[in-house]
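Here the structure comes first, spelled out in structure tokens, and everything after it is commentary.
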Amino acid sequence: MIAAAGCGKTEVIATAVASYGEGKELVLTHTHAGVEAIRRRVSRVAAPTGAYQIDTIAGWSLRLARAFPETSGLPNAKPRTNADYSAVYAAATRLLALQPIREIMGASYSGVYVDEYQDCTVEQHDLVMALLNTLPCRVVGDPLQGIFSFGGNEAITWEEHVRPSFENVTGPTTPWRWVSSNPALGEWLRDVRMRLQQGQDLDVRGAPIQWIDGSNRVTKQQRQLSACYDAASNEGETVIVIHQWPNQCHDVASHLKGLYSCVEAIDLTDLYHFAARLDSSSGYSRAVVLLDFACKCMTKVRTELRTIRDALEKNRVPNVRKHRDCLDALLKVANNDSMAGVESALQSISGIPGAVTYRRELLREMIRSARALRVGEAETLEDAAWIARNRARQRGRLLSRCTVGTTLRVKGLEFDHAVVLDADAYDSRNLYVALTRGSRSLTIVSRSRVIRPTVAIRAKTE
């Protein structure tokens with residue numbers, strides 16, 4: 001089934017599970033944000049808890065492969081990279097070819113639903129085809145929102161992989177996301193979809209949106225920040241600011257006085273990178289690495305603690321009066337072979353007057369990793385980081401009211417207000433995803449009122 005953004009794909013799945021399921025339905029999607037969205041919808045329609053299991057394709061496949069590691073041939077029980085997860089899908093697919101496993105599947109589930117199917121890799125599609133040999137499978141998606149790429153792993157195409165394998169079902173067409181909050185915006189976005197599919201330019205003149213001129217390099221940043229502040233003024237309502245690249249998101253959030261926080265990629269490369277550096281360092285060098293990590297999360301650290309960092313880098317005790325609490329906490333990190341003190345050091349640094357923590361999730365996950373290591377859940381901080389992040393995968397993430405993120409990181413999520421920065425830089429698919437995130441209002445910053453999407457190329461997953 002194909003349906004446009006905001007037209008109720010998730011609602012269709014929830015209603016089908018609640019009203020037509022004959023046993024336990026397995027509902028799969030790609031992200032834990034998606035899992036939470038489906039869970040909320042299923043709960044809203046009062047489906048019995050025993051009637052469904054909701055999971056990510058990655059999480060469900062990993063649990064299956066880890067349950068039979070030798071038979072599945074699973075090479076890595078703690079996957080992190082796209083290549084690692086490709087091996088997970090292959091391992092699970094091998095198991096599903098075995099009659100005993102197929103019998104287990106048939107006894108466990110009455111059917112399968114897969115949401116956001118346009119984001120599947122060929123390996124994930126092969127997994128679903130293996131499930132189809134045992135269980136009824138229904139897939140839901142929107143090719144225009146297919147923005148994921150997976151490095152060397154091939155993404156599916158709807159025409160080649162989906163149409164030959166599944167009977168087409170007509171999807172809903174009413175833009176429910178906007179019906180009660182901004183029906184004019186919903187109707188305009190329906191027209192936008194048609195234009196983007198036909199490769200046309202997007203003319204925002206007369207559109208039910210706020211347009212901000214971003215053509216002047218001198219004034220553009222201030223106008224972008226003003227748009228972010230204005231959107232956040234709606235107390236109690238959620239806001240997403242969308243930028244093209246993660247470093248642009250970090251920069252914008254760092255200038256917004258702590259009002260916004262960045263949404264992170266689930267694999268959170270910076271967390272693993274700094275955890276490994278902390279593992280491999282010691283003494284004053286470890287304290288320097290911790291300071292460098294703090295610089296990634298908050299403002300003021302680089303300037304306020306420069307003297308302390310310079311001294312530690314030269315392997316000597318800093319002679320300072322200011323920020324003595326931060327220095328004492330860093331010296332505890334330097335003088336302890338274990339990671340004891342990492343939590344308190346980061347908490348002390350985050351208390352610098354005027355410091356703005358704009359990557360709150362990254363900071364929080366490092367503190368959780370240090371805590372997991374301290375209580376003996378892992379032997380290295382890098383392993384503890386994997387444990388902390390895997391828990392985040394399982395429990396889902398609670399986003400800040402005001403969030404900055406790329407289309408890859410907010411795809412599938414709904415907010416009250418959306419601000420799209422540098423809209424001229426997007427291809428048609430990413431532009432469509434960005435424009436359809438806000439249910440109440442949409443603000444576009446671009447060089448021109450006529451936006452010409454770039455050539456559509458799937459961006460690599462972050």
Side-chain angles (χ1 to χ4, degrees), residues 221-222 224-233 235-236 239 241 243 246-264 268 270-271 274-275 277-278 281 283-336 339-371 374 398-405:
Q221 183 185 54
Q222 188 53 51
Q224 288 179 336
L225 297 179
S226 295
C228 297
Y229 283 124
D230 289 345
S233 65
E235 189 174 348
V239 185
V241 172
H243 225 322
N247 63 314
Q248 293 174 315
C249 295
H250 302 161
D251 182 65
V252 168
S254 70
H255 285 88
L256 289 168
K257 301 180 180 179
L259 184 59
Y260 283 78
S261 181
C262 295
V263 58
E264 303 286 352
L268 204 45
D270 282 338
L271 175 66
F274 278 97
R277 285 184 62 189
L278 287 165
S281 60
Y284 292 164
S285 294
R286 177 174 286 174
V288 170
V289 172
L290 194 64
L291 278 171
D292 290 345
F293 170 78
C295 286
K296 287 280 188 178
C297 304
M298 62 192 86
T299 63
K300 296 281 187 178
V301 178
R302 194 177 306 279
T303 53
E304 292 292 316
L305 302 184
R306 183 188 301 276
T307 301
I308 291 176
R309 189 194 182 283
D310 288 347
L312 291 172
E313 192 172 36
K314 295 174 182 176
N315 208 34
R316 60 179 177 82
V317 177
N319 182 18
V320 296
R321 294 183 180 180
K322 194 177 181 181
H323 302 305
R324 289 292 310 186
D325 55 335
C326 294
L327 174 58
D328 291 342
L330 287 165
L331 290 176
K332 287 181 181 178
V333 172
N335 295 326
N336 196 316
M339 292 291 174
V342 167
E343 297 172 64
S344 58
L346 289 173
Q347 290 164 349
S348 180
I349 294 169
S350 64
I352 293 174
V356 171
T357 302
Y358 57 91
R359 296 187 69 183
R360 297 171 199 158
E361 187 176 358
L362 175 58
L363 177 63
R364 184 171 58 246
E365 291 296 84
M366 182 61 83
I367 290 174
R368 286 173 173 165
S369 302
R371 189 174 300 142
R374 176 169 53 81
L398 181 62
L399 297 180
S400 301
R401 182 179 78 85
C402 299
T403 305
V404 186

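In this text, all values refer to a predicted model and were calculated from it rather than measured experimentally.
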Q) Leu291 versus Ile349: any side-chain heavy-atom pair under 4.5 Å? A) yes

Q.
For a 4.5 angstrom cut-off between non-hydrogen side-chain atoms, does Leu271 reach Glu264?
A. no

**Q.** SG on Cys295 to CG on Leu305, rounded to 0.5 Å
**A.** 8.0 Å

(Q) Please give me the minimum heavy-atom distance between Cys249 and Cys262, naming the atom from each residue. (A) O-SG, 3.6 Å

Q) Where is the tightest heavy-atom contact between Val317 and Ala311, given as atom of each residue plus distance? A) C-CB, 4.5 Å

Q) Does the Arg286 side chain pair with the main chain of Leu278, one donor and one acceptor, at a distance under 3.5 Å? A) yes

Q) If we only count heavy atoms from C-beta on, is the Leu259 to Tyr229 side-chain gap below 4.5 Å? A) yes

Q) Taking atom CZ of Arg316 and atom OH of Tyr284, what is their separation to the nearest 0.5 Å? A) 10.5 Å

Q) Does the pair Arg324/Asp328 count as a salt bridge with the N-to-O cut at 4.0 Å? A) yes

Q: Could you tell me whether the side chain of Gln224 reaches within less than 4.5 Å of the side chain of His255, counting heavy atoms only?
A: no

Q | Within residues 292-304 or reaching into it, pairs that qualify as salt bridge (charged side-chain N to carboxylate O under 4.0 Å, His left out) - sequence neighbours excluded | A | Arg277-Asp292, Asp292-Arg309, Glu304-Lys322

Q | Main-chain N/O of Cys228 paired to Tyr260 side chain as donor or acceptor, under 3.5 Å | A | yes

Q.
Any heavy-atom pair between the side chains of Leu225 and Gln221 that's under 4.5 Å?
A. yes

Q.
So, taking the atom named OG in Ser344 and the one named CD1 in Ile367, what distance separates them when rounded to the nearest 0.5 Å?
A. 9.5 Å

Q) Does Thr299 use its side chain to pair, donor to acceptor, with the backbone of Ser254 at less than 3.5 Å? A) no

Q.
With rounding to the nearest 0.5 angstrom, report the CZ to CE distance, Arg368 to Met366.
A. 13.5 Å

Q.
I need the Tyr358 OH to Ser261 OG distance, nearest 0.5 Å.
A. 10.5 Å

Q. By ring-ring contact (aromatic ring centres under 6.0 Å, His included), which residues pair with Phe274, not counting sequence neighbours?
A. Phe293

Q.
Return the CZ to OG distance between Arg360 and Ser400, rounded to the nearest 0.5 Å.
A. 4.5 Å

Q. Are any non-hydrogen side-chain atoms of Leu331 and Leu312 less than 4.5 angstrom apart?
A. yes

(Q) A quick test of your reading: do over 12 heavy atoms of other residues, nucleotides or ligands sit less than 6.0 Å from CG of Asn319? (A) no

Q: Could you check if a side-chain atom of Ser350 sits within less than 4.5 angstrom of a side-chain atom of Met298, using non-hydrogen atoms only?
A: yes

(Q) Could you report the tightest heavy-atom contact between Val252 and Leu256, atom names first, then the distance? (A) O-CG, 3.3 Å

Q: Check whether any side-chain heavy atom of Arg359 lies under 4.5 Å from a side-chain heavy atom of Asp270, and answer yes or no.
A: yes

Q. Between Arg401 and Ala232, is there a donor-acceptor pair closer than 3.5 Å when you use the side chain of the first and the backbone of the second?
A. yes

Q) Under 4.0 Å between a Lys/Arg side-chain N and an Asp/Glu carboxylate O for Glu361 and Arg364? A) no

